[in-house]
Amino acid sequence: ETGTIVQELVGHDGSVRYLAFSEDGQSLISGSFGDSNILRHNLDTGQATPLLPSDATSNDELLYVSDSLFFVPQGEDPTTIALWNLETNEMLQTFEGHLGIIWALDINPATQILYSGSRDSSLYAWDIESGDIVAEFAGHSAAIFDIDLSPDGTRLVSASADQTAIVWDAVTGEQLMTLYAHTASVSNTEFSPDGQFILTAGADGRIILWDVTTGELRNIYVGGQNAL
């Protein structure tokens with residue numbers, strides 16, 4: 001409302017890449033690419049508390065859902081996803097199958113399906129309880145940087161270094177359409193809240209709006225020459 005700083009949250013020694021509010025709105029989860037730590041910040045006091053033991057640091061990508069934390073453990077070439085219970089402070093499940101660094105995670109809480117995209121161009125859907133792969137999404141020819149599940153959970157969109165974004169059937173893994181207009185890697189993608197549109201952002205400095213039903217390019221937003 002006023003733009004005034006009401007709390008400064010500190011605790012990381014490196015750049016902060018991930019933020020998520022807790023379900024009760026009383027705390028903020030943050031993940032740092034620089035120091036590999038995941039912290040819970042009390043929004044009233046500003047106090048920061050590590051969420052993981054010192055030997056279970058996160059490399060980069062993480063996903064916070066309720067009392068659970070999905071993260072990629074620290075390593076030279078992390079290809080495993082870990083599921084950590086924040087209440088009991090224990091590992092519940094691991095997901096192994098990628099051959100390259102995992103750069104993208106998303107989840108469907110209703111179906112308990114986890115989605116992950118990797119530098120090796122693979123994209124998988126996992127059963128959270130068993131840790132098994134339940135669908136493979138084959139279509140990209142280069143690293144996958146970002147994924148997003150549609151609000152109704154029926155479709156998944158992925159952004160890749162092959163300069164495309166692909167829309168998939170989130171259940172079967174069927175490729176529904178390929179979105180191609182960027183002239184460099186597609187680094188980010190997201191569905192609109194109503195699920196009718198997709199935004200893609202690329203290293204060509206452009207943000208593109210797409211119609212989900214037709215795959216038609218609806219608008220291009222250009223704000224500079226730097227990569228997004």
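Keep in mind that what you see is a predicted model, and the values were worked out from it rather than measured.
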Other residues, nucleotides, ligands: >12 heavy atoms within 6.0 Å of Gln7 CD: yes
Expected output: side-chain Arg155 to main-chain Phe191 donor-acceptor under 3.5 Å: no
Side-chain heavy-atom pair Val212, Gln196 within 4.5 angstrom cut-off: no
Shortest non-hydrogen contact between Val186 and Ala165, atoms and distance: CG2-N, 4.4 Å
Nearest-0.5 Å distance that lies between atom CG in Leu105 and atom CG in Leu114: 6.0 Å
Hydrophobic cluster identity match, Val171 and Leu176, side-chain contacts under 4.5 Å: no
Sub-4.5 Å side-chain heavy-atom contact between Pro50 and Leu39: yes
Closest approach of Asp194 to Ser192 (non-hydrogen atoms, all atoms of both residues): OD1-OG, 2.5 Å
Shared hydrophobic cluster for Leu217 and Tyr180 (ILVMFWY, side-chain gaps under 4.5 Å): no
Minimal non-hydrogen separation, Gly97 against Trp126, with atom names: N-CH2, 3.8 Å
Derivation and outcome, side-chain contact (heavy atoms from CB on, under 4.5 Å), residues Phe95 and Phe70: CA-CA 10 Å; Phe95 307 85; Phe70 297 87; 4.1 Å; yes
Min side-chain heavy-atom separation Ser27-Asn42 under 4.5 Å: no
Any donor-acceptor pair under 3.5 Å from Asp162 side chain to Ser141 backbone: yes
Asn37 to His12 - nearest heavy-atom pair and separation: O-CE1, 3.2 Å
Minimum-distance pair of heavy atoms, taken over all atoms of Thr80 and Thr94: CG2-CB, 4.1 Å
N/O donor-acceptor pair under 3.5 Å between Ser160 side chain and Ala142 backbone: yes
Minimum heavy-atom distance Asp106-Asp148, with the two atoms named: OD2-CA, 3.4 Å
Residue pair Phe71 / Leu83, side-chain heavy-atom distance below 4.5 Å: no
Distance in Å, Thr154 OG1 paired with Asn108 CG, rounded so as to fall on 0.5 Å steps: 9.5 Å
Residue pair His98 / Ser122, side-chain donor-acceptor N/O under 3.5 Å: yes
Side-chain cluster (under 4.5 Å, hydrophobic types only) that Ile147 belongs to, other residues: Ile113, Tyr115, Leu123, Val134, Phe137, Ile144, Leu149, Leu156, Ile166, Trp168
Distance in Å, Thr49 OG1 paired with Ile38 CD1, rounded so as to fall on 0.5 Å steps: 13.5 Å
Verdict with reasoning, Tyr221 to Leu209, per side-chain contact (heavy atoms from CB on, under 4.5 Å): CA-CA 8 Å; Tyr221 309 93; Leu209 180 69; 3.7 Å; yes
Same apolar cluster: Val16 and Val10, side chain cutoff 4.5 Å: no
Distance (rounded to the nearest 0.5 Å) between Leu99 CG and Glu96 CD: 11.5 Å
Val167 side chain near Trp210 side chain, heavy-atom distance below 4.5 Å: no
Gln175 CD to Asp169 CG distance, which is reported to the nearest 0.5 Å: 12.0 Å
Test salt bridge (charged side-chain N to carboxylate O under 4.0 Å, His left out) applied to Asp211 - qualifying residues, sequence neighbours left out: Arg218
Asp146 side-chain N/O to Thr189 backbone N/O, donor-acceptor pair under 3.5 Å: yes
From CG (Leu51) to CG (Leu86), nearest 0.5 Å: 5.5 Å
Ser185 side chain vs Ser187 backbone, donor-acceptor pair below 3.5 Å: no
Main-chain N/O of Tyr64 paired to Tyr18 side chain as donor or acceptor, under 3.5 Å: yes
Flag, side chain of Gln93 to backbone of Glu129, donor-acceptor distance under 3.5 Å: yes
Side chain Thr79, main chain Gly100, donor-acceptor under 3.5 Å: no
Side-chain touch Arg206/Thr183, heavy atoms, less than 4.5 angstrom: yes
Residues clustered with Val6, ILVMFWY side-chain links under 4.5 angstrom: none
